[in-house]
Amino acid sequence: MPVPAPNLYPDFNTIRLSHVCLNVKDLAVSKAFYTDTLGLQVTDENAGHVYLRAMEERGHHCMILQKSDQPGTVEVMGFKTFDEDDLDKAEAYFRAKGRPTSWVDRPYQGRTLLTSDNMGIPLEFYHKMDRLAPIHQKYALYRGVKPLRIDHFNCFSHDVDASVAFYSDFGFRVTEYTEDEDSKRLWAAWMHRKGGVHDMAFTNGTGPRMHHVAFWVPTPMNIIDLLDLMATTGYVDNIERGPGRHGISNAFFLYVLDPDGHRIEIYCSDYQTVDPDLEPIKWDLQDPQRQTLWGAAAPESWFKHGSRFVDVDTQDSDIQASPIIAP
């Protein structure tokens, strides 16, 4: 199927991705990984939750670690709207699509709409979040990989065409994609709202599951420093893939696993996509340089491992490809 044309005047206006809530087994262990190793800042914590933000972020949190009896799962992915009216418009939109909607109370957030996409991925939309003082010039706080901001989500979908059509309809724009030449169905697609390569990406596979959440860092050297740190502080086995440079997005990357198996990408050097009339870039599924520009193949775990969403059933994709050519 062809990539759908972007809807430049959607029913409601989403600005960007905002935050994710990850379920973990041991809050202290997870907190240590995300603060001491990755370098996120604690903004609040209690017996059941740790709230974190990156160095450039003014919102209260971009990640919530939630103690759970379902560790390794994802509770919800969050997005920020342009204004309060967009929340009511979003409620009407998702109801019209047959998706469940409810208003939920979230600490440090204003009115928050909980819904789900066409595959069942739990999504929440809000406009107001508690604003914190800037810390991006408090260099004594920088540690680990020095994360500046949350950058994107990537999810497995058993039907990437359907996922892309759904998000395109409410304003996400495709920047790059691959398709299966035999069926002409999408294998993977990268979609954005904020003007980078992606806020949300979809990869063919058993889904829906979260493939990874990514954080933007200043330079590739921050990634090298993180590798040295992880290799000498007991986390060498948590290094999954990289460092390297993607063909798609042109970004320098590293993938690591947190203590509960959630995949985290450390990411920098992609490009701007602000102009709304930019045409998506198509990659040949047989081209190994699209996954790593330097030609190195991803490990098998890359195609199989992901974090399930709480109480959401998964379905296998009917498109199959060799791991050698998969994204």
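- Side-chain atoms of Arg193 never come within 3.5 Å of backbone atoms of Met200 as a donor-acceptor pair (strictly under, hydrogens ignored).
- Listed by first then second residue, pairs satisfying salt bridge (charged side-chain N to carboxylate O under 4.0 Å, His left out) with a partner in residues 117-146 read Arg106-Glu124, not counting sequence neighbours.
- Within the 4.5 Å cutoff, side-chain heavy atoms of Pro208 are placed close to those of Val312.
- Within the 3.5 Å criterion, the main-chain N or O of Gln41 finds no donor-acceptor partner in the side chain of Thr35.
- Counting heavy atoms from C-beta on, the side chains of Pro220 and Cys268 come closer than 4.5 Å.
- Contact annotation: the side chain of Met129 approaches that of His61 to within less than 4.5 Å [non-hydrogen atoms, C-beta and beyond].
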Item to check | Steps toward side-chain contact (heavy atoms from CB on, under 4.5 Å) verdict (Ser163, Met119) | outcome: CA-CA 7 Å; Ser163 293; Met119 297 298 167; 3.6 Å; yes
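- Within the 3.5 Å criterion, the main-chain N or O of Trp190 finds a donor-acceptor partner in the side chain of Thr175.
- Under the 4.5 Å side-chain heavy-atom criterion for Ile, Leu, Val, Met, Phe, Trp and Tyr, Leu40 and Val42 are members of the same hydrophobic cluster.
- The heavy-atom pair separating Pro147 from Phe215 by the smallest distance is CB-CB, 4.3 Å.
- Shown here are the salt bridge (charged side-chain N to carboxylate O under 4.0 Å, His left out) partners of Arg245, two or more places apart in sequence or in another chain: there are none.
- Shown here for Ala188 and Thr203, the closest heavy-atom pair between the two residues is CB-CA, 4.2 Å.
- Val310 belongs to no multi-residue hydrophobic cluster, having no ILVMFWY side-chain contact under 4.5 Å with any other such residue.
- Within the 4.5 Å cutoff, the side chain of Arg308 has heavy atoms near those of the Thr314 side chain.
- Rounding to the nearest 0.5 Å places CG of Asn250 at 7.0 Å from CG of Leu293.
- Residues in residues 206-226 take part in no salt bridge (charged side-chain N to carboxylate O under 4.0 Å, His left out) pair, two or more places apart or across chains.
- Formation of a donor-acceptor pair under 3.5 Å by the Thr273 side chain with backbone atoms of Gly196 is found in this model.
- Rounding to the nearest 0.5 angstrom, the gap separating the OH atom in Tyr142 from the CG atom in Leu148 is 6.0 Å.
- Nearest heavy atom pair, residue Val197 against residue Asp270, reads N-OD2, 3.5 Å.
- Residues satisfying the side chain to side chain contact (heavy atoms under 4.5 Å, CB included) test with Ser68, not counting sequence neighbours, are Asn23, Gln70.
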Checklist entry - For Cys155 and Phe309, what are the C-alpha separation, side-chain angles and deciding distance, and is it a side-chain contact (heavy atoms from CB on, under 4.5 Å)? => result CA-CA 10 Å; Cys155 293; Phe309 295 97; 4.0 Å; yes
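- With hydrophobic clusters built from ILVMFWY side chains whose heavy atoms lie under 4.5 angstrom apart, Val20 does not share a cluster with Val76.
- For residues 12-40, every residue pair satisfying the salt bridge (charged side-chain N to carboxylate O under 4.0 Å, His left out) rule, not counting sequence neighbours, is listed here: Lys31-Glu45.
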Checklist entry - For Asp182 and Ile319, what are the C-alpha separation, side-chain angles and deciding distance, and is it a side-chain contact (heavy atoms from CB on, under 4.5 Å)? => result CA-CA 10 Å; Asp182 292 334; Ile319 305 177; over 6 Å; no
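- Cluster membership check: Leu257 does not share its hydrophobic cluster with Tyr34, using side-chain heavy-atom separations under 4.5 Å among Ile, Leu, Val, Met, Phe, Trp and Tyr.
- Every residue meeting the salt bridge (charged side-chain N to carboxylate O under 4.0 Å, His left out) condition with Lys194, not counting sequence neighbours, appears here in chain and number order: Asp199.
- To the nearest 0.5 Å, atom CZ of residue Phe94 and atom OG of residue Ser116 are 8.0 Å apart.
- Between His211 and Tyr255, the two ring planes are perpendicular [angle over 60°; tilted spans 30° to 60°].
- Applying the salt bridge (charged side-chain N to carboxylate O under 4.0 Å, His left out) test to every pair with at least one member in residues 247-268, sequence neighbours left out, gives these pairs: Glu240-Arg263.
- Note that CG of Leu123 is 9.5 Å distant from CG of Leu113, once rounded to the nearest 0.5 Å.
- Side-chain contact between Tyr93 and Pro10 is absent, with no heavy-atom pair separated by less than 4.5 Å.
- The main-chain N or O of His212 is never found under 3.5 Å from a side-chain atom of Asn154 such that the two would form a donor-acceptor pair.
- Residues satisfying the salt bridge (charged side-chain N to carboxylate O under 4.0 Å, His left out) test with Arg95, not counting sequence neighbours, are Glu91.
- Contact record, Pro100 with Thr115: O-OG1, 2.8 Å, taken as the closest heavy-atom pair.
- A salt bridge does not link Glu179 to Arg290: none of the charged nitrogens lies less than 4.0 Å from a carboxylate oxygen.
- Taking the side chain as every heavy atom from C-beta outward, Leu226 and Thr37 approach each other to under 4.5 Å.
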Checklist entry - Would Arg53 and Ile135 count as a side-chain contact (heavy atoms from CB on, under 4.5 Å) if you check the C-alpha gap in whole Å, the side-chain angles of each, and the deciding distance to 0.1 Å? => result CA-CA 10 Å; Arg53 68 162 162 162; Ile135 57 173; 3.4 Å; yes
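- Thr219 contributes no side-chain N or O that, together with a main-chain N or O of Val217, makes up a donor-acceptor pair within less than 3.5 Å.
- In this structure, the side chain of Ser157 engages the main chain of Asp159 through a donor-acceptor pair within 3.5 Å.
- Scanning for side chain to side chain contact (heavy atoms under 4.5 Å, CB included) contacts around Asp88 gives Trp103, Arg111, with sequence neighbours left out.
- Counting only heavy atoms from C-beta outward, the side chains of Glu181 and Gln286 never approach each other to under 4.5 Å.
- Among residue pairs with one or both ends in residues 256-287, those qualifying as ring pair (Phe, Tyr, Trp, His ring centres under 6.0 Å) are His152-Tyr267, His198-Tyr267; sequence neighbours excluded.
- No donor-acceptor distance shorter than 3.5 angstrom exists from the side chain of Asp275 to the backbone of Asp277, with no hydrogens or angles considered.
- Taking every heavy atom of both residues into account, Asn46 and Gly48 meet most closely at OD1-N, 2.8 Å.
- Phe166 is listed as a side-chain neighbour of Arg99, based on a closest heavy-atom distance under 4.5 Å.
- With a 6.0 Å radius and a threshold of 12 heavy atoms from other residues, nucleotides or ligands, Asp228 has its CG atom above the threshold.
- Across all non-hydrogen atoms, the minimal contact from Leu27 to Leu65 is CD2-O, 3.6 Å.
- A continuous path of hydrophobic side-chain contacts links Ile224 to Met230 [ILVMFWY only; heavy atoms under 4.5 Å].
- Distance alone, capped at 3.5 Å, is enough to place a donor-acceptor pair between the Glu176 side chain and the Ser249 backbone.
- Neither side chain, His60 nor Gln109, offers a donor N or O lying under 3.5 Å from an acceptor on the other.
- Side-chain heavy atoms closer than 4.5 Å link hydrophobic residues (I, L, V, M, F, W, Y) into clusters, and following such links, possibly through other members, connects Val256 to Leu227.
- Here OG1 of Thr292 is found 4.0 Å from CZ of Arg241. Values are rounded to the nearest 0.5 Å.
- Every residue meeting the salt bridge (charged side-chain N to carboxylate O under 4.0 Å, His left out) condition with Asp169, not counting sequence neighbours, appears here in chain and number order: Lys97.
- A distance-only check finds a donor-acceptor pair linking the side chain of His305 to the backbone of Gly261 [under 3.5 Å].
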